[in-house]
Amino acid sequence: MNILLAEEVTNLAEAAKNYEFTKIFAAGGPLMWALLVLSVIAFMVIFICSWTTRASAVLPKDMVVDVEGYIRRKDYAGVLSFCERNGSSFARTVNVIILFIQRNHRSNMEAIREVAAAEGTRQANILSRQISWLADIGAIAPMVGLLGTVLGMMETFWQMASGNFEGVKQMQMAGGISEALITTAGGLMLAIPCMLAYVIFRNYIQKHVSDMEVAVTHVLSVIAAQSERDSRLGSISHVGARPEMMEGDEI
């Protein structure tokens, strides 16, 4: 039996050395198909996250300067159009802020900041939810591999329980052990890259979200300064208009 197991391990090593992936895949049993499906999903998630977590998709370069220019010119329609064309996380946040200001002219800065914080948190959650798929696959893949291990060992002990350890029975027992090892290795080979990609994307998102928070804070400070300036000018013009009305009354 030991000789047959050694031959089985040798055959698997030679197959791996010669890149005979199909033979290894077939020897892993039916659960290898589940790992293959998870691998395809993981690849798609990594591709999507690579696109959605890039810097230009969260906070495009020089966009803060452009938005500030629109706000200082009081061109809120221009800000909305510009943000809709851009489509980044920062643009969507600014778009919600400007829409709130337009629909609530008498709102104070505290209410505007609450809207900005809520939308910023929502955008950050959208980015985090995308990469959470990688963490889920990284947790599920080893469990699938472990299930394959259990099934392979069950098959092995079933052959041992049959009482016949000669000829074909020994080959079937070795096949059960190889199936257990292959599915375990397959689950780990899928889980490790997924968790590594999750950590990398998580760090990217944390950095980009932090930069976006600074940018949104700057935009809010510009809006607050503009609102204070308008209020001051309105007070001055109102005070300057009262003497003219009094002179008219006297006439």
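If you read the sequence from its start, that first residue is 1, and numbering goes on from there.
Both Leu196 and Leu38 are members of a single hydrophobic cluster when ILVMFWY side chains are connected at heavy-atom separations under 4.5 Å. Connection of Leu146 to Trp33 is not established within any shared hydrophobic cluster, with ILVMFWY side chains joined at heavy-atom distances below 4.5 Å, either directly or through further cluster members. Phe43 and Met195 are not part of a single hydrophobic cluster, where members link through side-chain heavy atoms under 4.5 Å apart. Linking ILVMFWY residues whenever their side-chain heavy atoms come closer than 4.5 Å, directly or via other members, places Ile182 and Val37 in the same cluster.
Closest approach of Pro142 and Gly138 over heavy atoms only: CD-O, 3.0 Å. Between Met63 and Cys83, the closest heavy-atom pair is CE-SG, 4.2 Å. Between Leu220 and Ala116, the shortest heavy-atom contact is CD1-CB, 3.9 Å.
Counting heavy atoms from C-beta on, the side chains of Met143 and Leu147 never come closer than 4.5 Å. Between Gln226 and Ile223 there is no side-chain heavy-atom pair separated by less than 4.5 Å. Using a 4.5 Å heavy-atom threshold, the side chains of Val58 and Phe90 count as separate. The shortest side-chain heavy-atom distance between Glu119 and Ile97 does not fall under the 4.5 Å cut-off. Residues Leu31 and Leu35 are not in side-chain contact: their nearest non-hydrogen atoms beyond the backbone lie 4.5 Å or more apart. In this structure, Ile126 and Arg129 have side chains that are in contact, with non-hydrogen atoms separated by less than 4.5 Å.
Remark: Met212 CE to Gln123 CD distance equals 6.0 Å, nearest 0.5 Å. One distance of note links CD of Glu68 with CG of Asp62; it measures 12.0 Å at 0.5 Å rounding. Annotation: the span from Ile98 atom CD1 to Arg103 atom CZ amounts to 12.0 Å, rounded to 0.5 Å. Separating the CD1 atom in Ile131 from the CD1 atom in Ile48 is a distance of 13.5 Å, to the nearest 0.5 Å. Between the CD1 atom of Ile46 and the CZ atom of Phe201 there is a distance of 6.0 Å, given to the nearest 0.5 Å. Interatomic distance, Asn104 CG to Leu99 CG, rounded to the nearest 0.5 Å: 10.5 Å.
Listed by first and then second residue, the salt bridge (charged side-chain N to carboxylate O under 4.0 Å, His left out) pairs involving residues 210-221 are Lys207-Asp211 (not counting sequence neighbours). Here side-chain hydrogen bond (donor to acceptor under 3.5 Å, both in side chains) pairs that include residues 38-56, with residues two or more places apart or in two chains, are Thr52-Gln130, Arg54-Ser56.
Tested against Leu190 for a side chain to side chain contact (heavy atoms under 4.5 Å, CB included), the candidates Leu36, Val144, Ile140, Ile137 yield a single pass: Ile137.
Not counting sequence neighbours, Asn95 has no partner by the side-chain hydrogen bond (donor to acceptor under 3.5 Å, both in side chains) test. Scanning for side-chain contact (heavy atoms from CB on, under 4.5 Å) contacts around Val45 gives Ile41, Cys49, Trp133, Leu134, with sequence neighbours left out. Under the rule for a ring-ring contact (aromatic ring centres under 6.0 Å, His included), the partners of Phe82 that lie at least two apart in sequence or sit in another chain are Tyr70. Annotation: side-chain contact (heavy atoms from CB on, under 4.5 Å) contacts of Pro193 (sequence neighbours excluded): none.
Side-chain atoms of Ser128 do not come within 3.5 Å of backbone N or O of Asn125 as any donor-acceptor pair.
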Begin with the C-alpha distance, continue with both residues' side-chain angles, and end with the deciding distance and a verdict on side-chain contact (heavy atoms from CB on, under 4.5 Å) for Gln206 and Asn203. CA-CA 5 Å; Gln206 288 177 349; Asn203 293 336; 4.0 Å; yes
Could you walk me through whether Val64 and Leu59 satisfy the side-chain contact (heavy atoms from CB on, under 4.5 Å) test, starting with their C-alpha distance in whole Å, then the side-chain angles of each, then the deciding distance to 0.1 Å, before giving a yes or no? CA-CA 8 Å; Val64 179; Leu59 179 61; 4.1 Å; yes
Report the C-alpha distance between Leu80 and Gln102 in whole Å, list the side-chain angles of each, state the deciding distance to 0.1 Å, and finish with yes or no for side-chain contact (heavy atoms from CB on, under 4.5 Å). CA-CA 11 Å; Leu80 295 176; Gln102 285 188 329; 3.3 Å; yes
